[in-house]
Structure formats: C-alpha cells, structure tokens
Trainee: 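Can you read through this structure? Questions will come right after.
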Amino acid sequence: MWGEIIVALEVGLIYGILALGIYLTFRIINFPDLTCDGSFVLGAAVSSMMIKSGCDPYVSLASATIAGGIAGFFTGILNVRLKIEDLLSGIIVAFMLYSVNLKIMGGNPNITFTNELSMFADGGASGKIAAAVFIIVALAAYVLNTDFGLGMRSVGQNRQFAAACGVNVKNTIIIGLIVSNALIGMGGAVFSQYQGLCDISQGAGCLVTGLASVIIGEKIPGLKNVAGKVVACVLGSVIYRIFITLAIHCDIFALKTQDLNFITGIMMIILMATRRKKCCN
Amino acid sequence: MLQLNKLNVRNVLADLDLTVKKEEFVLIMGDNGAGKTTLFNAIAGYAKPSGGSIVLDGQDVTDVPQYMRASLISNVFQDPKAGTVGSMTLRENLNIAYTRGKRRTFFLSNSRARDDLYKEKLKFLDMGLENRLDDEVGRLSGGQRQALSIVMSTIADSKILLLDEITAALDSKTSKNILNIVGEITRREKKTCLMITHNADHVASLGSKLFLLKNGKLQQQF
C-alpha cells in the first residue's frame, strides 16, 4: 500500500506538468485546447524512439518538449491565421497526431524499452521528478508575474482590453499554445520514461485528468494569486492520483481499474457543480 | 495632433475630414448608427478604412496594425468592465496599462517606483483606491471601476485619448463625478481628447469643439 502511495505521488507530479500545460490554455489564455491527447503521446513517442536508438534520455526529453511545442504551434496557426474554431483546431491537430505518432513509433502501437536507458536508470525517481516539477512551477510562477505574463493573462480575461493595451492577442495565443503543449509533451516523455513504455492510446483522457487536476487545485483554499494557482495545479494532480489509488484500493467500493474514467467523471461533475459562483469577470 | 483625410469606412463614413489640435477636447454627437463607434474603431485600428488616411502626430498610421497603435492611442470604453480585468487586482490592471505600447519584458511587474506612481494617481480620485492595490477590480463599484480605467488610460503616454460614451453605464451622480475626473486629469496631463457623448451638457464643462456625425460626415456645431 505504501509503495502504491509513492507511485501515486510520483505519477501525480509527472501529470502535474501536464496539468500546468492545461492550466495555461484553459485558464490563462482561455483557449479550450484539445491538442493535448495527441501532444502527450507525441512527447512519449519522440522520447521513446530516441532512447531506443541510444540517445541520451535528457536530450530525448528536450526533443519531446520541442515536438509538443510544434504541435501547439500548429493548433495556434489553425485558429489564429486560418480562423478555425478553437475547439476544432485542437481536435484536428490531435486527430492528425495519431498518424504522426504511429509513424514516429515505426508503425507499432506500443514500444517498450528497459529502464536502464531512461533518465531514471540510476534510481532516485521521486527526487528527480520533484526537482523537475519544482523548476517548472517556479519558472511558470515567475513568468506569469512579469509584464509579459500579465499581458498574456489579460488576453485570457479580456481580449478587448488586452488589445487596447497593445498586447498582440494573436501571437500571445500562439505562444500560449506552444508553451502549453511543450509542457504536455514533456509530461508525456517523462511518463513514458518512468514506465519504460510508450503506447499510442496513452493520451486518451489526458485532457480530462489534467483538467480534473486543475479543478481540484482550484478548490485548495489559500492559493489565490497566480503563483499559488500554479502550485495548485500540481497539488491538484497529486491529490487526484492519491484519491484514485485509495478509491481503487478500498474494498468497500469494489472498484476496479477499469472504473477509473467513471470515478474521475463523477468527481469532476461534483466539483464543477459546487464551484463558487463567479462574482465578476 | 490627429488628422483624418477623406476617411471612408465601409458605407458608414464617407469622405470624413477632421482635425484635432494638441490639447483640444473634441466632442462628437450623433444618432445611434451614425457611425461614431466606427469612427473610433477606425482611428484605433480595429476597423480598416477603405479609403482616406489617418495621421497621428505627423505619422501616417492608416496601415499600422491595431496593437502597434496602442503606444499612440488610449481608450476608455462605455462599459467599465471592458476597460479593466475584474479578476485581477488593481495593481495588476495598472501594470498592464502602464506597459501599454511598450515592450513587455520578462522582468517582474511589481516595483516600488510603480506602486508610488499608482498611489499618487489614484489618490487624486479621492476614492480611497490608493489603499486597495491588492483588491480585485471586480470588487469595485461601476463608478470606481470607470474612474480606475480613466487613470489607466492616462498612466502611459499617448497622443490621443478616445472616450466612448464613458458615462452611459453610470447613474447621473456618478456620471457627473466621472466627468469632473476626466476634465481635471486631461487638463492636468495636457491630453488631447476625442469623446463620444449623447449629452449636450458635456459640451459646456469639457469640450472646446462639438461635431455632429451625420450621413458619414462631421458637421461642426461650434
């Protein structure tokens, strides 16, 4: 049981990177981006294939991050330049990424590699993951409090006002999508290295789990300013994983792993239905 | 300061000419649908003119994209909610307004110098807002919020201030107060202003010139 809690913590932190990416689009620039189911696997696929071909795991991690960013860039171009609806832009890119990911994986729906090749080869998984997440969270909290970050946040809250203040709204949306999907790609890469596995269907439900983490994080009292909200995303992800682990291990509920999506959905519905009424915009 | 030459926008403005001199306060009236807001949108760069030119401070900005004009033009909107972000604090709102038209860098926004400037400007409103920099703007009343957006529109330099029916969403007492604030701030900061209004009373207290927008053209009343 204790071992499983540790695993839940580690997986929670890894998915925290993903949750942060989703927070950036859904909350900061207010763009419902559905690219993530594709870009998560893209990161995993790029990283796994590079590792299999003998590449340094950290180089593969960086490449996966860049690949995710490129996916986000295309979603942005579809929406901003080609004027395709935001939801649809993400859906189309995620849809196309399925083929791209299979191609990267050499036509195999899943690849496995031994743990000795990954960044977790010499152990200390918890420490490495925690350090990586800490750096990302600190960087995100910093940037969102700079003039650049404030401009970005204003785009999500009030586009008319942002434009009047000279923020380049279109480019800001593209940058937001790039950074968000880069983080999601990174999350996918870390997760695949953690598992020693990359599967084409790994991304299914990424969006919902990420969003669930964001929503749980928003329920944590006391984290009101933007730096707090960034931390809350990661905490939300960890809480979500631990909750799921406990729920599945409690015999009284008689829940199995395959019930995961259903429980997650119920949890999200409850949390969203009880959300505090927004007093302002 | 601002010169419009034979400006055409869709079928709303037809060969419209206007010259606004430095530090002038020009009022524009007109029926609904006459094209007042279209005129503002053309000046600010939201609407693309089909003909004519817009010259601001000697610089032809007709083809300059909207976000690049933000260093020259500032706005106060009709709806106080449009000109501010309710879910952000006063300080954050002011920070965004302070960097209007400037390069947005990766340095932290908050600084002692900025805080002092914000407090000084807000003190002038006499609404106690200088002590509420950490409050969310959504907690302010409509009048306070509009007063804040006036301060925000003047906190960074601009060549012209566009005021679009800024009291339309406020009650008469608050309107009066807001107009006083606009008058005092624009006089003190030597702003050049263009204001859309429906209220002829505003002319006496603010305007140096009044135009009527009709059939796509401006007619000077006095």
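Proteins come first, then strands; the chains are lettered A, B, ... in the order of their sequence lines, and each starts at number 1. We use all heavy atoms of the structure for the numbers below, so side chains are in, but hydrogens, waters and symmetry mates are not. Please read these numbers as outputs of a predicted model, since none were measured by experiment.
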Trainee: Tell me, for A/Arg159 versus chain B, whether the close heavy atoms (under 4.5 Å) come from the side chain, the backbone, both or neither.
Mentor: neither
Trainee: Could you tell me which non-hydrogen atom of A/Gln160 sits nearest to which non-hydrogen atom of B/Ala82, and how far apart they are?
Mentor: OE1-CB, 3.4 Å
Trainee: So does B/Asp116 have more than 12 non-hydrogen atoms from other groups sitting under 6.0 Å from CG?
Mentor: yes
Trainee: Among residues 91-110 of chain B, which residues come closer than 4.5 Å to chain A, judged by heavy atom distances?
Mentor: B/Glu92, B/Asn93, B/Asn95, B/Ile96, B/Ala97, B/Thr99, B/Arg100, B/Gly101, B/Arg104, B/Thr105, B/Phe106, B/Phe107, B/Leu108, B/Ser109
Trainee: Is it true that a side-chain atom of B/Asn75 and a backbone atom of A/Phe161 form a donor plus acceptor pair closer than 3.5 Å?
Mentor: no
Trainee: Could you check whether atom CZ of A/Phe243 has more than 12 heavy atoms from other residues, nucleotides or ligands sitting under 6.0 Å from it?
Mentor: no
Trainee: Within a radius of less than 6.0 Å around CG of A/Asn225, do more than 12 heavy atoms belonging to other residues, nucleotides or ligands occur?
Mentor: yes
Trainee: Heavy-atom pairs under 4.5 Å with chain B - which of A/Val143, A/Leu144, A/Asn145 has more of them than the others?
Mentor: A/Asn145
Trainee: Nearest 0.5 angstrom please: B/Ser87 OG to A/Arg27 CZ, how far?
Mentor: 11.5 Å
Trainee: Which atoms of B/Met68 are under 4.5 Å from chain A, going by heavy atoms: the side chain, the backbone, both sets, or neither?
Mentor: neither
Trainee: Is it true that, when you exclude A/Tyr142 itself, more than 12 heavy atoms of the residues, nucleotides or ligands shown sit nearer than 6.0 Å to its OH?
Mentor: yes
Trainee: Return the minimal non-hydrogen interatomic distance between A/Ala164 and B/Ala70, and the atom names on each side.
Mentor: O-CB, 3.7 Å
Trainee: Take a 6.0 Å sphere around CG of B/Asp157 and say whether it holds more than 12 heavy atoms from other residues, nucleotides or ligands.
Mentor: no
Trainee: Does a side-chain heavy-atom distance below 4.5 Å link B/Met88 with A/Leu150?
Mentor: yes
Trainee: Under a 3.5 Å distance rule, please check whether B/Gln66 uses its side chain to pair with a backbone N or O of A/Ala163 as donor and acceptor.
Mentor: yes
Trainee: Just wondering, more than 12 heavy atoms not from A/Lys170 lying within 6.0 Å of its NZ?
Mentor: no
Trainee: How about CZ on A/Phe26, more than 12 heavy atoms from neighbouring residues, nucleotides or ligands closer than 6.0 Å, or not?
Mentor: yes
Trainee: I'd like to know whether CD of A/Glu85 has more than 12 heavy-atom contacts from other residues, nucleotides or ligands below 6.0 angstrom.
Mentor: no
